[in-house]
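See below for the structure under consideration.
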2 protein chains.
Amino acid sequence: MFTSSQNELAQVAKVLAHPARIAILDYISKQQGCICNDLVDVIGLAQPTISQHLNEIKKIGLLKGTFEGKNLCYGINEERWEELQQSFQVFFSNINFNCC
Amino acid sequence: MFTSSQNELAQVAKVLAHPARIAILDYISKQQGCICNDLVDVIGLAQPTISQHLNEIKKIGLLKGTFEGKNLCYGINEERWEELQQSFQVFFSNINFNCC
DNA sequence: TTTTAATATTGCAATATTACGATAATATAA
DNA sequence: TTATATTATCGTAATATTGCAATATTAAAA
């Protein structure tokens, strides 16, 4: 019914469509390392809720995780990040304003 | 609970989080004029549904409408468009990759 | 192996979104 | 004014999202 690029952009936007997930991405991006077990305190939502949000972010490939000690460590997937950045840029650039 | 910029970006992303709305924006942007009463045929959703989607897009200021004959004419609000483009650009640029 | 500390999953209630038929409102045309 | 064509709103059913308590899983430490 829609093109695949329309569906894909919408899917990504959906993940960004919650302030908690924006906050999580903001926070991870500011960290030098990636000890993420303080996200519950920082964001202020219950641990299962944070886990679910992280999972949504993971689904679109924006997070990569490696184990470090007993903590699962999340970091941002640079390649995917830049790919999505590019998608939004293309979307916002391919617009005409010759109306009204 | 979240910062206002986090809330605002999430709110905008929410509007983009549906392929029909992406498709509507894609379509309007490709038109030379703005006769929009063919959106129902183009998108393939019922007229009330299109109307609701247009309303969502309007809520974040992305559309400006003027009456032209008997048809309400939607066009993209350039200033707002570029403002949101900028918001996403800032979000995607303020990220560190020094992890994992 | 047993504890401990962390993340993941399950189940469920509350809320939000989506879509559309029916109907109302609006503005031009006859 | 009355018909016509277009968009908006209402009501409602189906589905999706969100949040969290309870519980399971996982991996390191004791």
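In what follows, every chain begins at residue 1, and chains take the letters A, B, ... in the order their sequences are listed. The figures that follow rest on heavy atoms only: side chains count, while hydrogens, waters and symmetry mates do not.
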> How long is the line joining CD1 of B:I43 and P of C:dC20, in whole Å?
Replying inline: 12 Å
> Heavy atoms, side chains only, cut-off 4.5 Å: are A:L63 and A:I76 in contact?
Replying inline: yes
> Using a cut-off of less than 4.0 Å, is there contact between a side-chain N or O of B:S51 and OP1 or OP2 of D:dA8?
Replying inline: yes
>> Within this structure, what is the CD1-CD distance for the pair A:I95 and B:E78, rounded to the nearest 0.5 Å?
In response: 10.5 Å
>> Keeping A:R21 on the side-chain end and A:V15 on the backbone end, is there a donor-acceptor pair under 3.5 Å?
In response: yes
>> Output one letter per nucleotide in nucleotides 17-25 of chain D: B when a protein non-hydrogen atom lies under 4.0 Å from the base, S when only the sugar-phosphate is that close, - when neither is.
In response: SSBBBB---
> To the nearest 0.5 Å, how far apart are CZ in B:F92 and CD in A:Q86?
Replying inline: 11.0 Å
>> In this structure, how many angstroms lie between the C1' atom of C:dT18 and the CG atom of B:L16, rounded?
In response: 17 Å
>> Rounding to an integer number of Å, can you tell me how far B:L54 CG sits from C:dT18 P?
In response: 14 Å
>> From CG of A:L39 over to P of C:dT7, roughly how many Å is that when rounded to an integer?
In response: 8 Å
> Whole-Å distance between D:dA16 C1' and A:K59 NZ?
Replying inline: 11 Å
> A:Q11 CD to C:dT17 P: how many Å, rounded?
Replying inline: 19 Å
>> Just verifying a value: how many Å separate B:L39 CG and B:I24 CD1, rounded to the nearest 0.5 Å?
In response: 5.5 Å
> Looking at B:K58, does any N or O in its side chain come under 4.0 Å of the phosphate oxygens OP1/OP2 on D:dA8?
Replying inline: yes
> Aromatic rings A:F2 and B:H18: how do their planes relate, parallel, tilted or perpendicular, breaks at 30° and 60°?
Replying inline: perpendicular
>> What is the distance, to the nearest angstrom, from the CD1 atom on A:I57 to the P atom on C:dT7?
In response: 14 Å
